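We name chains A, B, ... by the order of the sequence lines, and we start the count at 1 in each one. Note that the coordinates shown come from a computational prediction; the quantities given were computed from them, not determined experimentally.
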Protein chains: 2
Amino acid sequence: MKAETGTAGAAQADPACSERLPLAAQDGPVSMTISRVARLHRIAAGKVLKGLGLYPGQEFVMMHLWDAGPVRQSDLIKAVDLDPSTVTKMLQRLEQAGHVRRRPDPDDRRAVLVEATDASCGLLTEVRRSWGDLEDHTLAGLDPAERAELARLLGRVETNLCVETADCPEEAARRAALRR
Amino acid sequence: MKAETGTAGAAQADPACSERLPLAAQDGPVSMTISRVARLHRIAAGKVLKGLGLYPGQEFVMMHLWDAGPVRQSDLIKAVDLDPSTVTKMLQRLEQAGHVRRRPDPDDRRAVLVEATDASCGLLTEVRRSWGDLEDHTLAGLDPAERAELARLLGRVETNLCVETADCPEEAARRAALRR
DNA sequence: GAGATTAACTTGGTCGGCCAAGGAATGCGC
DNA sequence: GCGCATTCCTTGGCCGACCAAGTTAATCTC
């Protein structure tokens, strides 16, 4: 889509056939692949979600709302583990799009209760199907054993990345473990 | 960092102990993990890069510039495979930050030549080191065989995702194959 | 060589993300 | 009860990323 006819001149000259990896990235080939896969995966998800009226990232919020019903916004924020401001703005857009309803919490005048609209619940099935299609496409050509192994390894990577990300290793490890 | 003391109320009530995965995502567990790993990995990369004066995403542009020297912007765009407008704005910021120099191409008055500044070249080593650290951290606890397997599987996933992303499957497959 | 096409950016808009800072309500200590 | 810290959410700013549209220059066509 970006790289078209590929007569692109000399920049991509593969000298010999040695290293396709940038010099500065040679100590991190897997990290490089993760980055690329991440982007491709997000694009693929976004493409399929666009047809449903969702932007990439919103899926996770909606998924939690479908599961949990009316939730305090702060709980939602903890569930999806995003910055509060990110969630606020996303919810404003989701509300305007009619996917979400918000109302003040009668028990706590600071808090806001969020829930998926009835209309949006129709999306659940389609999102689930799309998500399944994405999975199929992502894992095409991998047999069950390979899929399991990939899941295992990615799980381990997730745990690894969690520990450093969080300021409190213990807590991060606990959370990472929970997801497994 | 976000999920703190975790007394978070009833929202995350693990009913029984069955599914930690949202209902709508149950057909795509690996996709879910990929999304989480992607975000964590980007955050980890961003954290380490911030100390070097780079924002996440800029690394890839700089890496290519360090390798390729002065390049036409259009070639750079093809190399990193991003939207032209994304690269334009990123370069404006990189230029203002002193990491990059831009000048018109004498041979083509439409085009712009981009190169890393001498100052930025000092970053190469540090970025490489950081990238290596990130790799170590990401793959901690995996033995060489597991790392190789993960790389192989991710490569396959990348190929899979490439085909659908591009409008021309042939071209995408070719490009995907090139990266392996 | 004039006219249409294509290539190479740029600008403006929108979203997802983050950080920093602020305002409002609650809860705690005393 | 009063004050101070916490919690909850919002706003503004910034950056990466996309799309759509527009501008300028090269190129192709006749």
Side-chain angles (χ1 to χ4, degrees), chain A residues 1-5 7-9 35 38-40 42-47 49-50 53-62 71-78 80-97 102-114 165, chain B residues 1-2 4-5 7-9 35 38-47 49-50 53-62 71-78 80-97 102-114 165:
Chain A
M1 144 178 303
K2 305 288 164 42
E4 294 227 296
T5 38
T7 64
S35 301
R39 174 161 167 266
L40 292 172
R42 188 180 180 87
I43 288 178
K47 190 167 289 190
L49 254 49
K50 178 155 59 177
L54 289 177
Y55 290 92
Q58 301 185 334
E59 345 131 26
F60 305 113
V61 168
M62 293 308 300
V71 195
R72 285 186 56 161
Q73 187 165 324
S74 63
D75 290 337
L76 176 60
I77 287 171
K78 274 183 280 229
V80 297
D81 192 34
L82 289 175
D83 192 272
S85 61
T86 300
V87 175
T88 293
K89 291 168 189 167
M90 199 184 298
L91 286 176
Q92 292 171 344
R93 288 157 190 152
L94 282 172
E95 185 173 30
Q96 191 162 12
R102 306 166 75 203
R103 70 186 129 91
D105 184 341
D107 296 347
D108 187 339
R109 286 165 56 199
R110 299 169 294 178
V112 174
L113 291 179
V114 191
T165 291
Chain B
M1 143 176 303
K2 303 290 165 40
E4 296 227 295
T5 37
T7 64
S35 300
R39 173 159 166 266
L40 292 172
H41 187 267
R42 187 180 181 87
I43 288 177
K47 190 167 289 188
L49 254 47
K50 178 155 58 178
L54 288 178
Y55 290 92
Q58 301 184 336
E59 345 130 29
F60 305 113
V61 167
M62 293 308 299
V71 196
R72 287 186 54 161
Q73 187 167 322
S74 62
D75 290 336
L76 176 61
I77 288 171
K78 274 183 280 230
V80 296
D81 192 33
L82 288 176
D83 192 272
S85 61
T86 300
V87 174
T88 292
K89 290 167 189 166
M90 200 185 295
L91 287 176
Q92 292 171 344
R93 287 157 190 153
L94 282 173
E95 185 174 30
Q96 192 162 12
R102 303 167 77 203
R103 70 184 127 93
D105 184 341
D107 296 347
D108 186 339
R109 288 165 55 201
R110 298 170 296 179
V112 176
L113 290 180
V114 192
T165 291

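- Atom P of nucleotide C/dC9 and atom CZ of B/Arg103 are separated by 13 Å, given to the nearest angstrom.
- Among residues two or more places apart in sequence or in another chain, the side chain to side chain contact (heavy atoms under 4.5 Å, CB included) test is passed with A/Leu49 by A/Leu54, A/Glu59.
- Scanning for side chain to side chain donor-acceptor pair (under 3.5 Å) contacts around B/Gln73 gives B/Thr88, B/Arg102, with sequence neighbours left out.
- Rounded to whole angstrom, the span from the CG atom of A/Asp107 across to the C1' atom of C/dA25 amounts to 14 Å.
- Look at CG on B/Asp105: it is 13 Å from P on C/dT10, rounded to the nearest Å.
- In plain terms, the two heavy atoms of B/Gly53 and B/Gln58 that are nearest each other are O-OE1, 4.4 Å.
- At the phosphate of C/dG16, OP1 or OP2 sits under 4.0 Å from a side-chain N or O atom of A/Arg93.
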Can you tabulate the close N/O pairs, meaning under 3.5 Å, that link protein atoms to atoms of nucleotides 8-10 of chain D?
residue	atom	partner	partner atom	Å
D/dC9	OP1	A/Val112	N	2.7
D/dC9	OP1	A/Val112	O	3.4
D/dC9	OP2	A/Ser74	N	2.5
D/dT10	OP1	A/Arg102	NH2	2.6
D/dT10	OP2	A/Gln73	NE2	3.0
D/dT10	OP2	A/Thr88	OG1	3.0
D/dT10	OP2	A/Arg102	NH2	3.0

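- Between the CG atom of A/Leu94 and the P atom of C/dC15 there is a distance of 10 Å, rounded to whole Å.
- Every residue meeting the side chain to side chain contact (heavy atoms under 4.5 Å, CB included) condition with A/Lys89, not counting sequence neighbours, appears here in chain and number order: A/Gln92, A/Arg93.
- Looking at which nucleotide of DNA chain D each of B/Tyr55 and A/Lys50 is closest to, the 5′-most match is held by B/Tyr55.
- Here A/Gln58 does not reach the OP1 or OP2 of C/dC15: none of its side-chain N or O atoms lies under 4.0 Å away.
- With sequence neighbours left out, the side chain to side chain contact (heavy atoms under 4.5 Å, CB included) criterion links B/Ser85 to B/Asp83.
- Here the P atom of nucleotide C/dG16 and the CD atom of A/Gln96 are 12 Å apart, to the nearest Å.
- For the pair A/Glu59 CD and C/dC15 C1', the computed distance is 13 Å after rounding to whole Å.
- Among residues two or more places apart in sequence or in another chain, the salt bridge (charged side-chain N to carboxylate O under 4.0 Å, His left out) test is passed with B/Arg110 by B/Asp108.
- An OP1 or OP2 oxygen of D/dA17 is reached within less than 4.0 angstrom by a side-chain nitrogen or oxygen of B/Arg42.
- Following rounding to the nearest Å, A/Lys47 (NZ) and D/dA17 (P) show an atom-to-atom distance of 17 Å.
- As rounded to whole Å, 16 Å separates atom P of D/dG16 from atom CD1 of B/Ile43.
- Side-chain N/O atoms of A/Arg39 include none lying less than 4.0 angstrom from OP1 or OP2 on D/dG16.
- Side-chain contact between A/Leu113 and A/Pro106 is present, with at least one heavy-atom pair separated by less than 4.5 Å.
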